[in-house]
Amino acid sequence: MQEKALLRLEGTVENIVYRNDENGYTVLEIIDGDNFITAVGVMPPVNSGDRVALTGMYTEHRSYGRQFSAKACEICRPTETADILRYLSSGAIKGVGPATAQRLVKEFGESTLEVMETQPERVALLKGVSKEKALDFAAQLRANAGIRTLMLYLGEYGISNSSAVKIFNAFGAGCVEHIKENPYILCQGDFGVPFERADFIAKRENLESDSGIRVRAGLSYILRHNEGNGHTCLPADKLLDTAAGFLGVSQARARECLDELIFDRSLILDRLGDTDFIFTPQLHLNEMYIASRVKMMLSFPAEREKNLEDAIAELEESNGIRYADLQRDAITAALSEGMLVLTGGPGTGKTTTLNAIIKILQSRGKKVLLAAPTGRAAQRMSELTGDEAKTIHRLLEVSWDKHDNPVFNKNEKNQLKCDALIIDEMSMVDCYIFESVMRALPMGCRLVLVGDSDQLPSVGPGNILGDLIDSGVLPVVRLNEIFRQAQESLIITNAHKIVNGQMPVLNKADKDFFFLRRTVKSEVTELITDLCRSRLPKAYGYSPFENIQVLSPSKKGELGTAELNHRLQSSLNPPDDNKAEVTIGSKTFREGDKVMQIKNNYDIRWFRENGETGEGVFNGDIGIIEKIDRKTKHMRINFYDKTAALTFEDCSDIDFAYAITVHKSQGNEFDAVIIPMFSGPPQLYYRNLLYTAVTRAKKTLILVGTPQTVEYMVNNNRQTKRYSALREFLTREDSLY
């Protein structure tokens with residue numbers, strides 16, 4: 001489809017309707033001749049009286065009518081005395097009101113703004129203007145000019161105004177000069193600027209392709225990029241090979257620059273076994289700290305609980321059950337040792353074992369805290385144990401710094417107050433979160449980590465659960481017996497078949513696991529839509545919004561989440577005159593849509609029906625859009641365990657959730673799960689991913705597609721290598737940090 005041609009609109013700003021200073025999103029009215037025009041978009045700081053040139057196109061808003069959607073904004077300072085007076089009187093410069101503006105313009109005329117910026121000592125001679133105020137006026141004008149200059153400079157390279165605002169906030173005035181000297185600072189923070197874009201700017205600034213600045217930045221970029229693939233480090237040789245190819249430089253030049261980075265501690269070299277590995281300083285500290293704290297806890301464990309045989313016997317009698325040998329081993333280990341990892345698949349009695357540990361500790365007056373990585377997982381933990389469980393972020397009392405990075409109020413200086421901490425779904429916990437947990441854990445506190453080591457590892461860097469188990473330095477109990485009641489569930493028995501490399505039973509239709517054969521992709525899509533819209537709701541009373549979840553291995557393709565979401569939204573929540581909707585980016589959201597937060601946002605405030613309030617909506621939180629208010633530009637979403645009002649700008653991190661990837665489903669369970677089974681990328685169609693998907697279903701699991709795809713995934717046990725160092729740090733002598 002042909003894109004609309006961009007238009008240029010010039011005029012004087014009459015009124016600022018709305019402005020978000022954090023990201024620069026602005027709604028303003030400008031005068032173009034005799035016409036008043038509403039313009040929207042991310043813009044530099046603009047004020048009434050500014051002369052602006054906007055590049056963009058006209059759009060028709062459902063509620064507000066015709067608007068000019070600006071993609072770029074150039075600002076010219078007012079030069080006529082009347083415009084300068086209007087500009088200063090508008091509050092553009094904090095501390096300058098109408099009276100002060102009158103005095104300034106009367107004294108300096110058309111040179112007022114230039115004098116205020118470059119000769120504050122002259123301004124300080126005016127009655128009622130102190131030296132400090134005059135200097136502040138100058139600083140504000142320089143800052144405004146600086147961000148305008150930056151936006152114009154970066155706009156030439158296709159870098160958005162919202163990214164420019166973040167960059168200016170990070171580097172301040174003079175950042176254009178910093179960027180020209182080293183364009184690669186743009187891809188070293190959370191600015192949304194890829195290395196390739198910084199590389200293009202560097203070429204325009206005539207920076208040599210093998211310059212130290214470029215090669216060092218490339219090496220660091222490759223390491224940070226691989227954090228997104230779960231790696232905490234990379235073998236030095238692999239890093240050098242990748243860098244040489246990616247940057248088009250010799251191995252020798254890459255090695256020379258890597259040595260420089262290691263020498264000044266910008267990167268860390270550590271030898272693991274017979275191989276040199278390269279870390280960022282933060283991830284090296286993370287894994288070293290975790291290892292040192294684990295060793296310390298093992299050396300100085302919590303006090304051993306006594307008379308455990310009697311306590312277990314009492315629980316058996318009161319609950320009318322008999323614990324299996326491995327369950328008894330786990331209960332005893334958890335209450336005898338300072339740490340325990342409890343692992344096992346579905347139906348092996350992890351919850352029963354966990355409840356016994358909790359009840360014995362509580363009966364002896366011990367304070368036990370429960371936590372899980374996601375809100376859904378914490379909610380399920382609460383339901384299964386009968387005790388309150390919090391997300392790890394809530395437990396550690398998350399807040400944020402000025403750069404929007406999470407900061408936990410619970411730390412080594414303000415530790416948790418508990419005798420035992422139990423964390424569920426440990427396979428999801430990355431090294432950043434686990435390090436924060438270990439910092440907040442008081443000495444003498446018991447730590448029980450529960451998870452299924454056969455599930456997918458964390459989205460973030462590290463292999464915490466796997467490394468703790470494989471290290472052999474702390475007690476691990478693996479429950480492997482499927483209890484008789486669980487054996488009645490085909491979901492559970494098939495999950496164990498899958499993880500053991502056996503084909504699941506696909507030809508039974510009388511239990512909770514169903515396979516529906518379809519050989520054409522379009523038929524798979526049609527059947528999934530019909531299952532969500534009518535068949536499952538009629539047969540089981542399931543709601544497609546609350547009980548049913550479609551999981552796909554991939555985002556792309558006809559059976560990927562993007563296309564499935566489009567089809568499911570059209571079927572389950574079509575356009576309706578009684579439902580407000582809004583288009584954000586390429587997505588049109590409407591009231592009633594099922595959505596997911598896809599990026600942590602620590603600023604968003606939420607509330608619960610019981611009056612509790614807090615802040616933070618996290619990657620993976622699923623909810624329903626309750627209300628879209630186009631006037632206030634907010635969207636209210638019920639995330640099941642909390643309700644939050646998101647600005648339309650925040651909603652750029654919202655996606656549809658009728659269908660989600662298997663990776664995004666971790667930590668969640670759903671009454672009914674539907675999974676398309678059709679050929680796809682080999683790197684996404686493997687055993688552990690299928691196992692993880694199947695174990696997300698509580699009551700009903702439906703596979704739709706071909707048995708050959710199921711067989712391929714069961715037999716494909718090739719897992720992507722994840723580089724991490726925790727196991728090595730736990731087993732060597734020099735890991736104390």
Side-chain angles (χ1 to χ4, degrees), residues 351 354 358 367-400 404-411 414-418 420-441 445 447-452 455-460 462 464-465 595-623 637-644 646 650 653-654 657 660 663-670 696:
T351 300
L354 199 57
I358 294 169
K367 183 174 182 181
V368 183
L369 295 179
L370 309 180
T374 67
R376 276 285 187 94
Q379 184 179 6
R380 192 176 73 253
M381 194 180 189
S382 296
E383 293 167 354
L384 294 174
T385 63
D387 290 282
E388 183 189 17
K390 298 180 178 180
T391 63
I392 296 175
H393 284 82
R394 269 189 72 206
L395 180 78
L396 300 180
E397 299 177 4
V398 68
S399 58
W400 57 92
D404 248 6
N405 296 316
V407 176
F408 295 108
N409 295 322
K410 291 297 183 182
N411 49 45
N414 179 29
Q415 294 183 321
L416 296 166
K417 293 178 173 58
C418 60
L421 173 63
I422 300 174
I423 301 178
D424 197 8
E425 295 286 358
M426 269 299 297
S427 62
M428 296 182 64
V429 177
D430 64 34
C431 66
Y432 287 125
I433 294 297
F434 196 57
E435 184 214 14
S436 298
V437 169
M438 298 303 283
R439 288 188 182 278
L441 208 62
C445 180
L447 181 62
V448 179
L449 307 174
V450 186
D452 186 345
Q455 287 189 22
L456 297 173
S458 59
V459 175
I464 298 297
L465 183 61
V595 294
M596 172 184 275
Q597 179 78 14
I598 59 173
K599 183 179 179 181
N600 290 345
N601 189 322
Y602 302 97
D603 295 346
I604 297 173
R605 292 193 62 81
W606 51 259
F607 64 91
R608 294 193 170 97
E609 290 183 357
N610 63 6
E612 183 182 359
T613 63
E615 292 165 333
V617 177
F618 304 113
N619 186 358
D621 285 351
I622 296 175
I637 302 176
N638 181 352
F639 287 102
Y640 299 122
D641 66 329
K642 60 196 174 192
T643 299
L646 283 67
D650 290 332
D653 294 328
I654 290 290
I660 62 175
H663 282 88
K664 288 289 188 184
S665 75
Q666 285 182 269
N668 291 316
E669 277 190 343
F670 311 95
R696 299 306 89 205

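Minimum heavy-atom separation, L369 to K417: CD1-O, 4.3 Å. Across every non-hydrogen atom of L441 and Q415, the tightest pair is O-NE2, 3.3 Å. Contact record, M596 with G620: CE-O, 3.7 Å, taken as the closest heavy-atom pair. The heavy-atom pair separating L370 from M381 by the smallest distance is CB-CE, 3.8 Å. Residues Q666 and L456 come closest through the heavy atom pair NE2-O, 2.8 Å. What you find for R696 and N668 is that their closest heavy atoms are NH1-O, 2.8 Å.
Within the 4.5 Å cutoff, the side chain of I464 has heavy atoms near those of the M426 side chain. Taking 4.5 Å as the limit, some side-chain heavy atom of I637 sits within range of a side-chain heavy atom of V595. For the pair V429/V437, no side-chain contact is recorded, criterion being any heavy-atom separation below 4.5 Å from C-beta on. L465 has its side chain out of reach of Q455: every pair of non-hydrogen atoms, C-beta onward, lies at least 4.5 Å apart. Using a 4.5 Å cut-off on side-chain heavy atoms (C-beta onward), D621 and N619 make no contact.
Among residues two or more places apart in sequence or in another chain, the side chain to side chain contact (heavy atoms under 4.5 Å, CB included) test is passed with A378 by A372, A389, T391. In terms of the side chain to side chain contact (heavy atoms under 4.5 Å, CB included) criterion, residue partners of A644 (sequence neighbours excluded) are, by chain and number, I604, W606, V617, F639, L646. Residues satisfying the side-chain hydrogen bond (donor to acceptor under 3.5 Å, both in side chains) test with D387, not counting sequence neighbours, are Q362. Qualifying side chain to side chain contact (heavy atoms under 4.5 Å, CB included) partners for N638, counting only residues two or more places apart in sequence or in other chains: E626, T643. Applying the salt bridge (Lys or Arg N to Asp or Glu O under 4.0 Å) test to K410 and every residue at least two apart in sequence or in another chain returns nothing.
Panel note: side chain D653, backbone Q597; no donor-acceptor pair is recorded below 3.5 Å.
Considering V398, I392, L395, N414 as possible partners of F408, the one that fulfils the side-chain contact (heavy atoms from CB on, under 4.5 Å) test is V398.
Screening residues 422-438 for side chain to side chain donor-acceptor pair (under 3.5 Å), with sequence neighbours left out, gives E227-Y432, N286-E435, R380-E425, E435-R439.
T385 OG1 to L354 CG: the interatomic distance, rounded to the nearest 0.5 Å, is 7.0 Å. Residue K367 holds its NZ atom at 7.5 Å from SG of C418, rounded to the nearest 0.5 Å. If you take CZ on F618 and CZ on R394, they are separated by 10.0 Å, rounding to the nearest 0.5 Å. The distance from the CG atom of L384 to the OG1 atom of T351 is 4.5 Å, given to the nearest 0.5 Å. Atoms CD1 and NZ, from I622 and K664 in turn, are 10.0 Å apart once rounded to the nearest 0.5 Å. In this structure, the separation between CG on L449 and CD1 on I422 is 10.0 Å, given to the nearest 0.5 Å.
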Pair T374, Q379 - check side chain to side chain contact (heavy atoms under 4.5 Å, CB included), show working. CA-CA 9 Å; T374 67; Q379 184 179 6; over 6 Å; no
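For E612, the CD atom counts as densely surrounded, since its 6.0 Å shell holds more than 12 non-hydrogen atoms of other residues, nucleotides or ligands.
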